[in-house]
Amino acid sequence: QQQVKQSPQSLIVQKGGISIINCAYENTAFDYFPWYQQFPGKGPALLIAIRPDVSEKKEGRFTISFNKSAKQFSLHIMDSQPGDSATYFCAASTPGGSARQLTFGSGTQLTVLP
Amino acid sequence: DAGVTQSPTHLIKTRGQQVTLRCSPKSGHDTVSWYQQALGQGPQFIFQYYEEEERQRGNFPDRFSGHQFPNYSSELNVNALLLGDSALYLCASSWTGPNEKLFFGSGTQLSVL
């Protein structure tokens, strides 16, 4: 059972534009929501993460918006650059264990055109 | 400071064979998690090791087993390989604790023919 649904599957944006990727979750026990960026041939790298006690978190050009009542969260990439072209994954996890066990979305392949 | 290193980078096996993948965590990290990433999909949690014991396990059959050594490095073993086991296998390391970030290696690409 997929617990984190991600959309769109692919996204094409012009340089300088805003990229928006959305995720929805079902498990209300999730308390940590990270976004990962993955380039071909590489492992995922943490971009930014949020906890449900805040509605927005910004780090540079990357912003997470979080809607607890709707059980949705999204990643906004401002002033998108060709170097941002990668696959982006949202994820979520519940507390407990010696380290986080992440449940990932299915990914969004972002292409930023020059 | 080396990050998470995995070996080998690529591996080709045939159905029914057994495979061992290896992971060295980022310096100072004591917890290792393994994920399976099928083509075009997000990573799926296999299991996690801390203090040389399996602490958490995802929805994977017993054909998937692991080990953690005293130096915190880890192995993932898969027995009786199936075609469906073809995937990128990712190792992630962290400090113990729910607030610690996971750092992923570049993975081992396993192809089962």
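Residue numbering restarts at 1 for every chain, and letters A, B, ... go by the order of the sequence lines. Hydrogens, waters and symmetry mates play no part in the numbers below; they use all other heavy atoms, side chains included.
- Here the two rings, on A:W35 and A:F73, have centers that are under 6.0 Å apart.
- In this structure, chain A has no heavy atom under 4.5 Å from any part of B:F103.
- A donor-acceptor pair under 3.5 Å is formed between the side chain of A:K57 and the backbone N or O of A:A49.
- Aromatic pair B:F104/A:Y36: centroids less than 6.0 angstrom apart.
- When heavy atoms are compared at a cutoff of 4.5 Å, A:L46 approaches chain B solely by way of its side chain, counted from C-beta outward.
- The contact between A:Q38 and chain B is made entirely by side chain atoms (from C-beta outward), counting heavy-atom distances below 4.5 Å.
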task: Determine, stepwise, if the pair A:T63 / A:L75 fulfils side chain to side chain contact (heavy atoms under 4.5 Å, CB included).
output: CA-CA 6 Å; A:T63 299; A:L75 175 70; over 6 Å; no

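- Contact of B:L102 with chain A is made through backbone and side chain together, with heavy-atom distances under 4.5 Å.
- For chain A, no part of B:Q6 is nearby; none of its heavy atoms comes within less than 4.5 Å.
- Applying ring-ring contact (aromatic ring centres under 6.0 Å, His included) to B:F47 and the options B:F45, B:Y50, B:Y49 leaves one that passes, B:Y49.
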